[in-house]
Amino acid sequence: MKKTILIAAAVMTLASCSNKRENPFLTEWDTPYGIPPYSEIQNADYVPAVKAGIAQQAAEIEAIVSNPDAPTFENTIAALELSGEILNKVGGVLYNISETDNTPELEAIIEEVTPLTTEHSSNISMNKALYERVAAVYNGDQGNLTPEQKMVLKKRYESFARNGIGLSEEDQATLRKINSEAAVLTNKLGNNILAENNAFKDKFGITISDYPDAMTSTADRDLREQMFKAYSMRCHNGNDNDNAELVLKIMDLRLQKAKLMGYDSPAAFILEPKMAHDEATVDAFLSDIMTAAMSKAKGEVADMQVIMDRDIEAGILPAGSKIQPWDWWYYAEKVRKEKYDLDEELTKPYFEVNNVISGIFEAAHTLYGINFEEIHDVPVYNPEVRTFKVTDEAGKLVSIFTIDYFVRPSKRGGAWMNNVREQYYDADGNDVRPIVSNTCNFPKPDENGISLLTIDQVETAFHEFGHALHGMLTKCHYPSVSGTNVTADFVETFSQINENWAFQPSLLAKYAKHYQTGEVIPQELVDKIQASSTFNQGFTTGELCAASILDMKWHEITESPLASGKSASEVIDEFEKKAATEMGLIDEIIPRYRTTYFNHIFSSGYSAGYYGYLWAEVIDKDAFAAFEEQGIWNKDLAKSFKETFLERGGSMEPMEAYRAWRGADPSTAAFKRGRGLDQ
């Protein structure tokens with residue numbers, strides 16, 4: 001009854017404010033496949049809907065707590081899993097659109113709702129009566145529970161401890177304040193990065209996503225240096241978008257939280273539930289990779305210097321010129337052309353974006369038996385979005401899948417997968433299938449509708465679709481373990497393993513066709529792509545590993561970075577310089593992300609977790625080795641992989657499942673071989 005009254009009150013309040021019009025988030029969506037009715041949603045709908053959603057879930061929590069019946073999995077854990085429908089609907093739309101079609105109005109909305117949702121989350125995680133019911137189920141007889149239910153129960157129980165249920169009231173109040181302040185700061189930091197990315201385009205006429213290509217093709221060394229310095233100093237240049245002070249405040253709050261929870265550093269707190277578990281394990285793992293990468297990178301520098309010396313002899317460059325960070329892309333491409341005779345201007349015509357999409361779908365169909373049908377006349381949040389109906393071999397709906405591939409100023413940089421709707425079973429036992437999106441920043445089509453991709457961009461498309469497969473194929477009952485809801489250092493396994501099929505000759509023969517002639521990519525080019533697959537991996541691995549180590553260094557702090565008395569800019573410069581020296585990073589390479597624009601670790605959930613890309617790659621390369629051994633299109637092995645991992649989401653312990661599937665722990669041999677670090 002209380003739940004009904006609260007929701008009714010919220011809706012009535014909204015109706016009185018909106019003068020007859022109903023808020024779309026508070027109604028059933030009578031749309032194809034439950035796709036959000038984007039055209040009906042107005043900015044004014046978000047905040048009232050969030051408030052109504054908070055009221056709804058608060059009432060649902062109260063109903064669980066006040067239930068006179070003894071706590072059971074169904075009346076406590078399952079009920080908790082199904083709570084918060086309105087908030088899930090709002091979040092699935094708001095946070096996706098704010099990353100793809102951001103506006104000042106949406107930024108203001110996010111700033112307004114973030115403290116509300118953060119406080120609401122704290123109210124749930126610090127609800128002692130709710131915890132006691134969860135604990136009663138956890139400490140009771142679990143004999144009748146399924147393995148998935150046991151995992152859901154374990155995660156729910158442990159989350160209370162990690163969110164402060166055992167703290168005193170005074171410390172809980174402090175933790176609430178920390179969580180709220182951190183949420184606001186991280187949102188501001190992300191907005192600053194987007195603004196700086198757009199400023200970079202205004203200055204140089206290229207997007208951040210175009211930067212590698214521009215650095216590869218720009219012969220003017222002075223211009224390359226200007227672009228490099230502008231790129232690498234984003235949010236660290238003293239303007240209104242400077243993130244230096246924000247970073248230090250965020251890290252101070254993370255340290256306060258860690259110590260409040262009984263840990264010496266943020267990393268110690270964050271890593272405890274992950275596969276790696278502790279700082280020493282991650283540090284040793286990264287150090288081993290960094291040593292191998294830098295050894296290879298030094299050889300790459302020597303190869304580039306040979307070509308630069310020719311330019312010196314030809315009078316193109318002054319005597320004594322040495323390879324600098326802004327030279328790497330340009331001279332690496334020259335080395336690649338000499339060593340492998342591979343010119344991406346020759347490969348790009350075979351990687352027209354629509355052909356790449358067909359290749360992605362073909363691989364998924366061959367491996368997992370799923371089919372893709374583009375559907376039109378369905379709601380989309382932007383005209384560039386394309387929507388596909390995904391079905392299994394029996395024609396049953398698997399998922400709705402959308403792609404938003406092209407760069408635009410309102411979109412944050414990079415590429416990612418989102419769930420607009422998670423997969424789960426509702427209260428009536430219906431399998432609610434997911435709505436999954438892939439977002440990238442590929443070149444906009446020209447006047448003829450043509451967008452040609454680089455080899456790296458093709459790999460990115462396959463990578464993000466690997467995440468999408470994880471989200472689409474899941475067959476879990478509870479949303480907290482569905483799809484990609486796995487530990488952060490396991491989740492990249494499934495995106496990265498999908499990359500391995502991108503340039504298989506048998507697949508290239510089906511999708512890599514010249515956009516003008518329809519000619520299949522020549523075997524000569526395929527051979528060159530294969531031969532050059534480990535080229536420049538000292539640099540590529542090194543900059544990724546350097547960013548991972550920088551992330552760990554920040555989260556291993558035990559003293560506040562605000563206590564030095566120095567300016568934020570000085571603190572960050574000194575911190576990065578010390579980290580680079582300790583990790584053995586050569587002068588010609590900088591981390592893939594420097595501190596002030598390291599969106600992954602400061603506002604995108606990868607804090608003390610960026611190592612996960614490399615950690616997961618060890619697993620993915622070892623897993624793909626099984627396909628190499630048994631056949632890369634082996635349907636039985638693909639079925640086993642799908643049923644063991646893609647369908648089960650986070651409902652199992654990752655390493656236990658992997659050992660059962662592979663018969664052993666993952667070996668680093670395939671990883672080093674795949675990156676050419678064993679040579």
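Keep in mind the model is a prediction, meaning the values are calculated, not measured.
Going from atom CD of E60 over to atom CD1 of I86 covers 8.0 Å, rounded to the nearest 0.5 Å. Within the model, atoms CD1 of I61 and CD1 of I54 stand 12.5 Å from one another, a figure rounded to the nearest 0.5 Å. The CD atom of E107 sits 9.0 Å away from the CD atom of E105 when rounded to the nearest 0.5 Å.
Taking the side chain as every heavy atom from C-beta outward, N163 and M126 never approach each other to under 4.5 Å. Within the 4.5 Å cutoff, side-chain heavy atoms of K257 are placed close to those of L175. Looking at heavy atoms from C-beta onward, C476 lies in side-chain contact with E148 at the 4.5 angstrom threshold. For the pair T487/P273, no side-chain contact is recorded, criterion being any heavy-atom separation below 4.5 Å from C-beta on.
E653 pairs by the salt bridge (charged side-chain N to carboxylate O under 4.0 Å, His left out) definition with K154, not counting sequence neighbours. In this structure, the side-chain contact (heavy atoms from CB on, under 4.5 Å) partners of D428, at least two apart in sequence or on a different chain, are D426, N430. Listed by chain and residue number, nothing satisfies the side chain to side chain donor-acceptor pair (under 3.5 Å) test with R648 (two or more places apart in sequence, or in another chain). Under the side-chain contact (heavy atoms from CB on, under 4.5 Å) criterion, R421 pairs with V432, I435, sequence neighbours left out. For N96, the side chain to side chain donor-acceptor pair (under 3.5 Å) partners are N418, not counting sequence neighbours. With sequence neighbours excluded, the residues satisfying side-chain contact (heavy atoms from CB on, under 4.5 Å) with S603 are T186, L189, N599. Residues passing the side-chain contact (heavy atoms from CB on, under 4.5 Å) test with S495 are H463, H467, E492, sequence neighbours excluded.
When each of K389, M472, M417 is paired with F401, the side chain to side chain contact (heavy atoms under 4.5 Å, CB included) condition holds for M472 and for no other.
For A70 against N75, the heavy-atom pair with the smallest separation is O-ND2, 2.9 Å. Closest heavy-atom contact between M652 and T644: CE-O, 3.6 Å. Scanning both residues, F602 and R254, for their nearest heavy atoms gives O-NH2, 3.4 Å. Smallest separation of non-hydrogen atoms from L153 and L145: CD2-CD1, 3.9 Å. Taking all atoms of both residues into account, the shortest heavy-atom contact from S480 to N485 is O-CB, 3.3 Å. G53 and L87 get closest at one heavy-atom pair: C-CG, 3.6 Å.
Side chain of T474 to backbone of G483: a donor-acceptor contact under 3.5 angstrom is found. Between the side chain of S399 and the backbone N or O of P434 there is at least one donor-acceptor pair closer than 3.5 Å. N498 places a side-chain N or O within donor-acceptor distance of the main-chain N or O of F462, the cut-off being under 3.5 Å. The backbone N or O of E111 lies less than 3.5 Å from no partner atom in the side chain of T114, so there is not a single donor-acceptor pair. A donor-acceptor pair under 3.5 Å links the side-chain atoms of K411 to the main chain of F406, judged by distance alone. Side-chain atoms of N441 come within 3.5 Å of backbone atoms of G414 as a donor-acceptor pair (strictly under, hydrogens ignored). Side-chain atoms of N67 never come within 3.5 Å of backbone atoms of I64 as a donor-acceptor pair (strictly under, hydrogens ignored). Using modelled atom types, no side-chain atom of E119 and backbone atom of R176 make a donor-acceptor pair closer than 3.5 Å.
The closest side-chain donor-acceptor pair between D431 and Q423 falls under 3.5 angstrom. For the residue pair Q149 / Y478, a side-chain donor-acceptor distance below 3.5 Å is found, with atom types taken as modelled. With no hydrogens or angles considered, no side-chain donor-acceptor pair links Q504 and W633 at under 3.5 Å. If you check the side chains of R133 and T76, you find a donor sitting under 3.5 Å from an acceptor.
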Report task. Might you work through the salt bridge (charged side-chain N to carboxylate O under 4.0 Å, His left out) test for E643 and K639, ending with a clear yes or no? Result -> CA-CA 6 Å; E643 292 175 347; K639 182 174 183 288; 2.7 Å; yes

Query raised in the report: Where do K274 and Y611 land on the side chain to side chain contact (heavy atoms under 4.5 Å, CB included) test, with the steps shown first?
Result: CA-CA 12 Å; K274 306 289 175 59; Y611 75 92; 3.9 Å; yes

Going by atom type alone, with no hydrogens or angles, which donor-acceptor pairs under 3.5 Å involve a side-chain atom of residues 372-380 and a protein atom two or more places apart or on another chain?
residue: E374; atom: OE1; partner: R386; partner atom: NH2; Å: 2.9
residue: E374; atom: OE2; partner: R386; partner atom: NE; Å: 3.0

Would you give me the side-chain donor-acceptor pairs under 3.5 Å for residues 357-366, sequence neighbours excluded?
residue: S358; atom: OG; partner: N355; partner atom: O; Å: 2.6
residue: E362; atom: OE2; partner: T366; partner atom: OG1; Å: 3.4
residue: E362; atom: OE2; partner: K510; partner atom: NZ; Å: 3.3
residue: H365; atom: ND1; partner: I370; partner atom: O; Å: 3.1
residue: H365; atom: ND1; partner: N371; partner atom: OD1; Å: 3.0
residue: T366; atom: OG1; partner: E362; partner atom: O; Å: 2.9

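The 12-atom threshold is exceeded at CG of N139, counting heavy atoms of other residues, nucleotides or ligands nearer than 6.0 Å. Within 6.0 Å of CD in E28 there are 12 or fewer heavy atoms belonging to other residues, nucleotides or ligands.
Listed by first then second residue, pairs satisfying side chain to side chain donor-acceptor pair (under 3.5 Å) with a partner in residues 84-94 number zero, not counting sequence neighbours. Sequence neighbours left out, the pairs with a member in residues 68-82 that pass salt bridge (Lys or Arg N to Asp or Glu O under 4.0 Å) are E81-R156. Sorted pairs that involve residues 461-473 and meet salt bridge (Lys or Arg N to Asp or Glu O under 4.0 Å), not counting sequence neighbours, are lacking altogether.
A centroid separation of 6.0 Å or more is found between the aromatic rings of Y138 and F160.
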